[in-house]
Amino acid sequence: MSSDMSEERMLIDGALVRSSTGATYPSVNPATEETLGVAADAAPADLDRAMAAARRAFDESSWSTDVALRVRCLRQLQQAMTAHADELRAMTIAETGSPLFFTRSAALDEPVASLGWVADLAEGYEWTSDLGTAKPLGMPAHRWVRREPTGVVAAITPWNVPHQINLAKLGPALAAGNTVVLKPAPDTPWCATALGRLIAEETDIPAGVVNIVTSSVADFGAPLATDGRVDQVSFTGSTDTGRKVMAAAAGTVKRVFLELGGKSAFVVLDDADLSAACATAAFMVCTHAGQGCAITTRLVVSRPLFDEAVDLTASTLQGLAAGDPLDPGTVCGPLISERQRSRVESYIRLAREEGGSIVIGGGRPVDKKKGFFVEPTLVVGLKSDSRVVREEIFGPVLVMSAHDGDDDAVRIANDSPYGLSGSVWGERDRAMAVAGRLRTGTVGINGGVWYSPDIPFGGYKQSGLGREMGVAGFEEYLETKSIAEPA
Ligand code: NAD
């Protein structure tokens, strides 16, 4: 891969190609507002060719049955991404505004390492279980259960942590034997097309197995949910779009896997280490400017500790001012776009209209003349039914409220249409008991980190369907076939 980050080509049917119309659109650095270069603006015919190629590669090549080939290819991809880590890191920071520190974990390095984990899983996986002989309906039979790939997987992804989400879909889907059409978010085409270039140039992944199609149009990928050549849609994005994808997929009864929004609670019990808890809550909401679905954005603190917690949280937020993502000390970078900044600012205005008080932040950093930055913001005094408490903001905005004991804390935490993640701080057994009552897919206790390739991640309620990563995330991409013969 050249050190030039600009990539105008997509990967379709094994070839790096431009849009069939020649159209391109700009990729913009959210920290500087500069145009970095252009990406392919695909035509519907390009998407059609990608689906046809994925279908043919699944139906007519040995990819779906050759586990050793798949394992080798995934390891090649991991090696290629590792060898090009410096260029990928620079491009990722420029395109997504992700802080440098974050690319050393969930935004780049850990997703790349996860390819090795899923290759190992596929290599040692029990693809066929022998259930032995029984006498079903009085007739002796020998039975097996086989796991087979689902077929053609459409992966539709958002812009916030593109490598994490692209690879959390691509890795297990490929390891399971599927072929893939990846449609990244319009804001982050290069994180996907760089992957396409590495696949084409540095792996033995056969033509058509991975297809990557970029577009400036938000719902360009809608045909992936309706087309009969696609067997499964793996979608990450907002709950509103997830609903549309699910409804569109109903016509062909295809499998739908959804990772959606969140409004997760950070619960502080009355015996918690308050300063550590508040510092962590502030750090979490500032990370990548709050653009993470699993970030805890509701801080729910025991009432007697509330005022002290407000001061402690505000003081950490003060020290985490939005900054240049290239600076190793930056935690809070820019938002992805002007559109997203306007959305976050409209929620900050709404917080005031709904009767809330802004303790700290609420505006744009005065030292930033360019870039889509917003100050880390702490809001108190909102009613539990206010929109700012209930809706996902996807920015560095933390809403604080008080609880009156463990039962009340659980009630408040669960009073949400979402159920993605959570955090509980307090004496270990009490915290564990509260964690057990939260209706969410992941919970950290006293700062415990659950993020890892072997940990399933996903949502309860309107935060999604199914699990990504871990064995469960791999098995999302498998069908189950039972076979019997007379014994
Ligand atoms: P979005 O829902 O607007 O878009 C997500 C993807 O869907 C993009 O690729 C977009 O182009 C595509 N899309 C839009 N309309 C479509 C349609 N009708 N049919 C098919 N595809 C369509 O989300 P976003 O603004 O890109 O990302 C932010 C959202 O993603 C937040 O709500 C966040 O919580 C969520 N998210 C969830 C997770 C998770 O794992 N649960 C992870 C990251 C982000």
Side-chain angles (χ1 to χ4, degrees), residues 1 7 9-19 39-40 42 46-81 84 88 111-112 114-116 118-119 122 149-157 162-185 188-215 221 224 227 229-236 257 468 473-474 476-477:
M1 191 158 112
E7 178 53 77
R9 297 168 301 171
M10 307 177 285
L11 178 61
I12 300 179
D13 203 5
L16 295 170
V17 293
R18 295 187 158 74
S19 165
D46 299 318
L47 189 63
D48 190 71
R49 280 204 312 121
M51 288 190 279
R55 185 76 254 165
R56 201 184 57 249
F58 185 80
D59 291 341
E60 297 175 17
S61 83
S62 63
W63 180 256
S64 66
T65 51
D66 191 342
V67 179
L69 170 65
R70 304 200 301 259
V71 168
R72 185 175 87 238
C73 287
L74 284 167
R75 292 196 177 125
Q76 287 170 334
L77 181 57
Q78 182 191 5
Q79 277 159 14
M81 293 190 82
H84 293 283
L88 284 170
V112 172
S114 75
L115 290 172
V118 85
T150 313
V152 174
V153 172
I156 302 177
T157 59
H163 295 303
Q164 150 58 32
I165 299 168
N166 292 343
L167 294 179
K169 297 190 186 307
L170 212 61
L174 295 179
N178 300 283
T179 60
V180 177
V181 178
L182 169 64
K183 206 298 291 172
T188 50
W190 287 350
C191 288
T193 52
L195 199 61
R197 193 183 333 173
L198 292 176
I199 287 171
E201 293 179 350
E202 302 197 22
T203 78
D204 297 328
I205 294 178
V209 166
V210 179
N211 304 274
I212 297 175
V213 184
T214 56
S215 166
L224 293 166
D227 198 289
R229 290 169 292 184
V230 175
D231 296 293
Q232 177 173 11
V233 183
S234 178
F235 172 83
T236 298
F257 168 71
E468 197 140 75
F474 172 72
E476 291 287 347
Y477 296 100

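Because only heavy atoms are used, hydrogens play no part in the values below, and waters and symmetry mates are left out as well, while side chains stay in. What you see is a predicted model; the values in this text were computed from it and never measured.
- Side chain of N211 to main chain of D13: a donor-acceptor pair is present (N/O by atom type, distance under 3.5 Å, no hydrogens or angles).
- Shown here are the side-chain contact (heavy atoms from CB on, under 4.5 Å) partners of D59, two or more places apart in sequence or in another chain: R55.
- For the side-chain contact (heavy atoms from CB on, under 4.5 Å) test, residues two or more places apart in sequence or in another chain that qualify with A192 are N166, L182, P184, I212.
- Under the side-chain contact (heavy atoms from CB on, under 4.5 Å) criterion, D48 pairs with R229, not counting sequence neighbours.
- A donor-acceptor pair is defined here as one N or O able to donate and one able to accept, closer than 3.5 Å; such a pair exists between the side chain of R70 and the backbone of A175.
- Not a single side chain to side chain donor-acceptor pair (under 3.5 Å) links K183 to another residue, sequence neighbours left out.
- Scanning for side chain to side chain donor-acceptor pair (under 3.5 Å) contacts around E476 gives an empty result, with sequence neighbours left out.
- Side-chain atoms of M81 and L198, non-hydrogen and from C-beta on, do get closer than 4.5 Å to each other.
- Counting heavy atoms from C-beta on, the side chains of M10 and P189 never come closer than 4.5 Å.
- Using a distance-only test at 3.5 Å, with no hydrogens or angles considered, no donor-acceptor pair links the side chain of N178 to the main chain of V153.
- Residues satisfying the side-chain contact (heavy atoms from CB on, under 4.5 Å) criterion with S215, sequence neighbours excluded, are D41, V217, F220.
- No donor-acceptor pair closer than 3.5 Å links the side chain of T179 to the backbone N or O of V209.
- Not a single donor-acceptor pair under 3.5 Å links the side chain of T214 to the backbone N or O of A39.
- Counting only N and O atoms by type, the side chains of Q76 and D204 include a donor and acceptor under 3.5 Å apart.
- Remark: the backbone N or O of F58 is not paired with any side-chain donor or acceptor of S61 at under 3.5 angstrom.
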